[in-house]
Amino acid sequence: MEFTEISAPEFDLAMTLDSGQTFHWLAADEGFVGTIGETPIYIEQRGDQLRFAGGDEQLIRHYFALDHPLAKICASFPDDAAMSEARAFCRGLRIMRQPHWECLASFITSSMKQVAHIRQMSQALRRNFGERKEIAGREVFTFPAAARIAQCSEAELRRCALGYRAKNLLATARLAASGEAHLAAWSVLGDSGLRERLCALPGVGAKVANCVMLFAYERLSAFPIDVWIARVLRERYFPRRRKMTERQMRTFSDSYFGAHGGYAQQYLFHHARKTTARTVKRSRPRKTANEKQPRLSEVGS
DNA sequence: CTCCAGGGATGAT
DNA sequence: ATCATCCATGGA
């Protein structure tokens, strides 16, 4: 195996891959295996050094955005308690540059799903419809192109545990495959124009559009508001307010977090998700078993 | 078992 | 314009 070694200061590979922006990298040996576009990659980190196989330096630097001026970006965050905690916790976390379609498709499937399950759906789509590759003695699968998904039936996609999301993924895949939705060409659009195009796609609303803008189009001010971020805004920024509407959160975040709001958002998201006590609710008194609901008679699978 | 998850589309106020 | 409901699935 041919390895290349490069310097990558101010970067935390494991945290970046675990921060809920990409969903397919798997732990392998001392590092991870996955794909960057069609290229299978093995990559590991030792201190400030990255060792990788399967791609070239330019591909790695671009995908992991090693050129982003992370210190300056972090210094641009607003100076408040929640942001300072997140910034300290997320040192080395970078916003990657993902392929347009792969990112869009992944976030269409993300609706009302935990990160762990989005990973599961991504793997299922790859294994069933992607191209098999080998790297570091392991098999990896590329994310299926829009044209390949467009050939699938809704039932095939549902077999990847997509549920109601299958219909949206299929419809958007057809638009992308036909060229009616030309994702690459949209790179030249301004933020509002790009957001408008994305939101016109089936299964894409403001939240998914902002994720795709941030993670695939390098729009670093895009600020996705999911249930975690909404909770952070309510609890850390407006603890007195009785209720905050989507509109109020949007107005605040767009004006408060600045030109790199997307980075700030990702730091707040990752910090909240990794530190919020996930303790099972305190021994809630349980109903005794004699009130058990009558079960439907067993149905065949 | 219950609760919840990187929401969106639709129809009713 | 805001609000309620439904949509599937599996981890915790």
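Order of the sequence lines sets the chain letters (A, B, ...), proteins ahead of strands, with each chain counted from 1. Bear in mind the structure is a predicted one, so any value in this text is a computation, not a measurement.
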Whole angstroms only, please: what is the [atom1]-[atom2] distance between [X] and [N]?
X      : N      : atom1 : atom2 : result
A:L17  : B:dG6  : CG    : P     : 17 Å
A:I118 : C:dG10 : CD1   : P     : 14 Å
A:D18  : B:dG6  : CG    : C1'   : 13 Å
A:Q120 : C:dA12 : CD    : P     : 10 Å
A:K274 : B:dG6  : NZ    : C1'   : 13 Å
A:Y263 : B:dG6  : OH    : P     : 21 Å
A:M96  : B:dG6  : CE    : C1'   : 16 Å
A:F215 : B:dG6  : CZ    : C1'   : 8 Å

Legend entry - Under 3.5 Å on both distances, the Watson-Crick or G-U partner of C:dT5: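 B:dA9 - that is the nucleotide pairing with C:dT5, both distances being under 3.5 Å.
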Pair [X] + [Y], salt bridge at N-O below 4.0 Å:
X      : Y      : value
A:R46  : A:E44  : yes
A:R195 : A:D191 : no
A:E139 : A:R126 : no

Could you list all N or O pairs between the protein and nucleotides 7-12 of chain B that sit under 3.5 Å apart?
{"from": "B:dG7", "atom 1": "OP2", "to": "A:M112", "atom 2": "N", "distance (Å)": "3.2"}
{"from": "B:dG7", "atom 1": "O5'", "to": "A:M112", "atom 2": "N", "distance (Å)": "3.4"}
{"from": "B:dG7", "atom 1": "N2", "to": "A:Y164", "atom 2": "OH", "distance (Å)": "2.8"}
{"from": "B:dG7", "atom 1": "N3", "to": "A:S111", "atom 2": "OG", "distance (Å)": "3.0"}
{"from": "B:dG8", "atom 1": "OP1", "to": "A:G205", "atom 2": "N", "distance (Å)": "2.8"}
{"from": "B:dG8", "atom 1": "OP1", "to": "A:G205", "atom 2": "O", "distance (Å)": "3.3"}
{"from": "B:dG8", "atom 1": "OP1", "to": "A:V208", "atom 2": "N", "distance (Å)": "3.1"}
{"from": "B:dA9", "atom 1": "OP1", "to": "A:G203", "atom 2": "N", "distance (Å)": "3.2"}

Inset, instruction - Using a heavy-atom cut-off of under 4.0 Å over every strand shown, decide if A:I229 touches base, sugar-phosphate, or nothing. - result: base
Inset, instruction - Check every strand shown and say whether A:T22 touches a base, only sugar-phosphate, or nothing at a heavy-atom separation below 4.0 Å. - result: nothing
Legend entry - Phosphate OP1/OP2 of B:dA5 contacted by A:R231 side-chain N/O (<4.0 Å):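 For A:R231, the contact criterion (side-chain N or O under 4.0 Å from OP1 or OP2 of B:dA5) is met.
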Legend entry - Any donor-acceptor N/O pair under 3.5 Å between C:dA1 base and A:R247 side chain: no
Inset, instruction - Please state whether the rings of A:F23 and A:F107 are parallel, tilted or perpendicular, taking 30° and 60° as the class boundaries. - result: perpendicular
Inset, instruction - Between C:dA8 and B:dG11, how far apart are the P atoms? Round to whole Å, please. - result: 15 Å
Inset, instruction - For nucleotides C:dC6 and B:dG6, find the distance between their P atoms and express it as a whole number of Å. - result: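 About 23 Å, rounded to a whole number of Å.
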Inset, instruction - Test the A:R97-A:Y63 pair against the cation-pi criterion, namely NZ or CZ under 6.0 angstrom from the six-membered ring centroid and within 45° of the ring axis. - result: no
Legend entry - Atom CZ of A:R132: over 12 foreign heavy atoms under 6.0 Å: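 Yes.
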Legend entry - Under 5.5 Å and under 30°: A:F107 stacked on B:dG6: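 One would not call A:F107 stacked on the B:dG6 base.
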Inset, instruction - Keeping the roles fixed (side chain from A:D18, backbone from A:A14), state whether a donor-acceptor pair exists under 3.5 Å. - result: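 No; zero donor-acceptor contacts below 3.5 Å.
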